[in-house]
Peer 1: 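Before we start, here is the structure in question, set down as structure tokens.
All values derive from a computational prediction rather than experimental measurement. Numbers restart at 1 for each chain; the letters A, B, ... are given by sequence-line order, proteins then strands.
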Number of protein chains: 2
Amino acid sequence: MTPRTPRPRERGIPEATVARLPVYLRALQGLNERGTPTVSSEDLAAVAGVNSAKLRKDLSHLGSYGTRGVGYDVDYLIYQISRELGLTQDWSVAIVGIGNLGRALANYGGFGTRGFRIAALLDADAAVVGDRVAGLAVRHIDTLEDVVRGEDVAIGVIATPAAAAQGVCDRFVEAGVTSVLNFAPVVLNVPPGVDVRKVDLSIELQILAFHEQRKSDGHAADRAERTGSPT
Amino acid sequence: MTPRTPRPRERGIPEATVARLPVYLRALQGLNERGTPTVSSEDLAAVAGVNSAKLRKDLSHLGSYGTRGVGYDVDYLIYQISRELGLTQDWSVAIVGIGNLGRALANYGGFGTRGFRIAALLDADAAVVGDRVAGLAVRHIDTLEDVVRGEDVAIGVIATPAAAAQGVCDRFVEAGVTSVLNFAPVVLNVPPGVDVRKVDLSIELQILAFHEQRKSDGHAADRAERTGSPT
DNA sequence: ACGCCCTTGTGAAAGCACGCACAAAGTGGG
DNA sequence: CCCACTTTGTGCGTGCTTTCACAAGGGCGT
Ligand SMILES: NC(=O)c1ccc[n+]([C@@H]2O[C@H](COP(=O)([O-])OP(=O)(O)OC[C@H]3O[C@@H](n4cnc5c(N)ncnc54)[C@H](O)[C@@H]3O)[C@@H](O)[C@H]2O)c1
Ligand SMILES: NC(=O)c1ccc[n+]([C@@H]2O[C@H](COP(=O)([O-])OP(=O)(O)OC[C@H]3O[C@@H](n4cnc5c(N)ncnc54)[C@H](O)[C@@H]3O)[C@@H](O)[C@H]2O)c1
């Protein structure tokens with residue numbers, strides 16, 4: 001027995017790595033569908049759009065699953081990443097706010113394919129409650145607690161207007177949900193131990209606008225000098 | 001020319017800061033609507049969900065817009081951040097792929113309010129082309145180049161199935177678009193100078209699942225031991 | 001069986017990002 | 001006019017992330 005365990009990988013995977021594992025997973029699944037049996041870090045990195053050294057370091061946090069001189073076994077790596085991400089079990093998801101976005105999410109097929117099950121759709125509007133969306137009846141928001149417990153909801157998705165989001169979030173947390181995905185443009189306040197991730201369209205557009213402006217700034221002088229005609 | 005300029009703040013704002021400016025902006029607009037004339041870094045940071053030192057350092061990259069002993073003038077700071085992000089001009093956006101998600105995006109009111117104008121909706125499906133969505137007629141994908149040039153599209157949004165995304169992206173780039181927002185679950189390949197941002201639902205869920213699994217792992221033993229009855 | 005060649009896994013270094021803590025700067029009261 | 005108080009702007013230490021570069025490891029051809 002080794003008295004002082006070298007601890008080749010302890011239970012801490014860097015957050016930046018976790019965020020990239022799903023990208024690798026998708027790239028691997030693409031390779032798998034095309035029948036590729038093994039892949040080198042160089043090739044996989046190219047498909048995933050990252051630096052190969054980064055890819056190798058990321059994977060090294062999971063263990064030594066590669067073969068030197070050959071690369072990684074695609075099937076095996078898919079399994080290992082899936083296991084690490086917790087995709088070998090099914091997660092129940094509840095969506096609150098069945099408007100434009102909520103309906104799109106509910107109708108989106110990409111959930112079920114990867115271990116996520118839409119367990120329930122909830123809304124506050126009586127005109128919406130009872131509608132059938134993607135094969136599920138929309139339930140009233142008042143049943144949230146029952147739904148969370150009954151369906152063992154692990155992840156709550158919030159697609160309500162901004163004003164309602166914090167309230168819905170509080171109810172999710174109260175009912176025991178510790179992972180929330182928020183589409184409403186507000187900063188949610190949650191107690192420690194609860195994870196919130198946000199998807200914010202406006203922020204993405206504004207970041208793009210910032211860089212777009214920079215590009216024009218840099219060349220504006222050149223362009224203005226050269227051009228006599230309006231843009 | 002001065003070889004070593006002191007350069008109090010050069011034209012480089014850290015990417016992490018850029019990503020937070022939209023959050024600050026939204027927080028400030030919220031304060032503005034409630035009539036708050038000035039705000040301290042402490043208070044604004046609380047609303048924006050960040051550390052106050054980080055907020056101050058972020059804002060310091062734009063310039064010295066605060067008043068010691070008082071705080072920041074809300075209106076003025078809104079203006080400065082908007083200007084820095086390039087929101088004082090209007091940006092034309094074209095959405096390709098008018099399915100579940102594309103329709104939700106088109107119907108989303110949050111665009112126009114902040115300097116983004118939906119200039120065109122495009123799709124390849126003859127059954128969809130001609131539909132009126134959010135007051136715009138869906139145009140055929142073949143007109144993409146005309147639309148980009150005619151409407152001066154600065155940002156292309158891709159909401160097609162994954163298989164079509166790279167092709168649409170190439171056409172955007174070819175037509176001169178240098179900012180792309182991608183909702184399809186693929187890594188887009190673009191030449192240097194083109195910015196791509198992606199919004200990927202599955203990745204967010206998988207990251208949540210990872211942490212959720214960790215939480216259970218840690219406490220699973222405890223819980224299983226202790227629990228016979230529900231809480 | 002052996003050695004060549006390819007690819008992994010990982011030290012080490014450089015680059016960012018974060019947050020503390022405090023001097024500088026400005027306000028408002030006396 | 002001056003002082004006490006508040007809050008900004010930032011220097012600095014710390015930790016995380018990325019990237020380079022290469023030794024160690026393993027397959028494959030001969
Ligand atoms: N549509 C988009 O493309 C888009 C893009 C980015 C962000 N968002 C954000 O996503 C959210 C939803 O957008 P949307 O376009 O679907 O809005 P929407 O108005 O179409 O839908 C909102 C739904 O939430 C329901 N709702 C309201 N209050 C509720 C409550 N307290 N509990 C439960 N349900 C409640 C409403 O009945 C409605 O069905 C908004 O916060 C919006 O800012 C939407
Ligand atoms: N719906 C969601 O909530 C959701 C969530 C996450 C990701 N996504 C992704 O967003 C994308 C769109 O999802 P969706 O649910 O709206 O799909 P959808 O099938 O409802 O819509 C796709 C649309 O794209 C059009 N299209 C196909 N090929 C095209 C081409 N070459 N040029 C132009 N248009 C083309 C189709 O005609 C269709 O109208 C997909 O890549 C999906 O994976 C969707």
Side-chain angles (χ1 to χ4, degrees), chain A residues 5-24 27-28 31 36-74 76-77 80-81 84 187 192 207 211, chain B residues 6-24 27-28 31 36-74 76-77 80-81 84 207 210-211:
Chain A
T5 330
R7 199 169 316 225
R9 61 196 175 87
E10 66 183 76
R11 278 276 166 235
I13 295 183
E15 193 55 33
T17 295
V18 173
R20 282 187 296 264
L21 289 180
V23 179
Y24 303 154
L28 285 163
L31 291 171
T36 315
T38 63
V39 66
S40 70
S41 64
E42 200 70 47
D43 293 351
L44 181 54
V47 177
V50 300
N51 178 302
S52 71
K54 180 150 64 181
L55 174 82
R56 287 198 299 277
K57 183 146 284 186
D58 282 343
L59 294 183
S60 77
H61 286 115
L62 314 190
S64 274
Y65 299 137
T67 308
R68 293 169 190 234
V70 176
Y72 300 89
D73 183 274
V74 173
Y76 187 53
L77 199 50
Q80 289 298 345
I81 295 179
E84 196 66 52
V187 177
I207 294 172
H211 292 297
Chain B
R7 201 167 317 224
R9 65 194 172 85
E10 67 181 77
R11 277 273 166 236
I13 296 183
E15 194 55 34
T17 295
V18 173
R20 282 186 295 265
L21 289 180
V23 179
Y24 303 154
L28 285 163
L31 291 171
T36 315
T38 63
V39 67
S40 70
S41 64
E42 201 70 47
D43 292 350
L44 181 54
V47 177
V50 300
N51 177 301
S52 70
K54 180 151 63 181
L55 174 83
R56 288 197 298 278
K57 185 153 286 186
D58 282 343
L59 294 183
S60 77
H61 287 115
L62 313 190
S64 273
Y65 298 137
T67 307
R68 292 171 192 233
V70 176
Y72 300 90
D73 182 275
V74 173
Y76 187 55
L77 197 51
Q80 288 297 345
I81 294 179
E84 196 66 50
I207 294 172
F210 171 84
H211 292 297

Peer 1: At what distance, to the nearest 0.5 angstrom, does CG of B:L44 lie from OH of B:Y72?
Peer 2: 8.5 Å

Peer 1: Round to a whole Å and report the spacing from CG of A:L55 to C1' of D:dC20.
Peer 2: 16 Å

Peer 1: Output yes when a side-chain donor or acceptor of A:T38 lies under 3.5 Å from a complementary backbone atom of A:G71, and no otherwise.
Peer 2: no

Peer 1: Please state how far atom CG in B:D58 lies from atom C1' in D:dT8, giving the value in whole angstrom units.
Peer 2: 14 Å

Peer 1: Which distance, rounded to the nearest 0.5 Å, do you find between the OG of A:S41 and the NZ of A:K54?
Peer 2: 13.5 Å

Peer 1: Within the 4.5 Å heavy-atom criterion, are B:K57 and B:H61 side-chain neighbours or not?
Peer 2: yes

Peer 1: Atom CD of B:E15 and atom P of C:dA17: how far apart are they, to the nearest Å?
Peer 2: 8 Å

Peer 1: If you only use heavy atoms from C-beta on, which nucleotide in D:dT17, D:dT8, D:dG9 is closest to the side chain of B:S64?
Peer 2: D:dG9

Peer 1: When you check every protein heavy atom under 4.0 Å of nucleotides 20-30 of chain C, what one-letter string (B, S, -) results, 5' to 3'?
Peer 2: BB--BBSS---

Peer 1: If only side-chain N and O atoms of A:Y65 are considered, is one of them under 4.0 Å from the OP1 or OP2 phosphate oxygen of C:dT7?
Peer 2: no

Peer 1: Expressed as a whole number of angstroms, how long is the span from B:L77:CG to D:dT7:C1'?
Peer 2: 15 Å

Peer 1: Would you check if B:I13 and B:L62 make a side-chain contact, meaning some heavy-atom pair closer than 4.5 Å?
Peer 2: yes

Peer 1: Rounding to an integer number of Å, can you tell me how far B:L59 CG sits from D:dT10 C1'?
Peer 2: 13 Å

Peer 1: Please test B:D73 against B:L77 for side chain to side chain contact (heavy atoms under 4.5 Å, CB included), starting from the C-alpha separation and ending with a verdict.
Peer 2: CA-CA 6 Å; B:D73 182 275; B:L77 197 51; over 6 Å; no

Peer 1: Between the opening five pairs and the closing five pairs of the helix from C:dA1-D:dT30 to C:dG30-D:dC1, how far apart are the helix axes, to 10°?
Peer 2: 10°

Peer 1: Grab the CD-P distance between B:E42 and D:dT8 for me, whole Å please.
Peer 2: 8 Å

Peer 1: Any idea which of D:dT8, D:dG9, C:dC18 is nearest the B:S40 side chain?
Peer 2: D:dT8

Peer 1: Expressed as a whole number of angstroms, how long is the span from A:K54:NZ to C:dT10:P?
Peer 2: 18 Å

Peer 1: Just verifying a value: how many Å separate B:L28 CG and B:Y76 OH, rounded to the nearest 0.5 Å?
Peer 2: 13.5 Å

Peer 1: Could you tell me the separation between the CZ atom of B:R20 and the CD atom of B:E15, rounded to the nearest 0.5 Å?
Peer 2: 10.5 Å

Peer 1: Are A:L59 and A:I81 close enough that some pair of their side-chain heavy atoms sits under 4.5 Å apart?
Peer 2: yes

Peer 1: Figure out the OH/C1' separation between B:Y72 and D:dT6, and round it to whole Å.
Peer 2: 13 Å

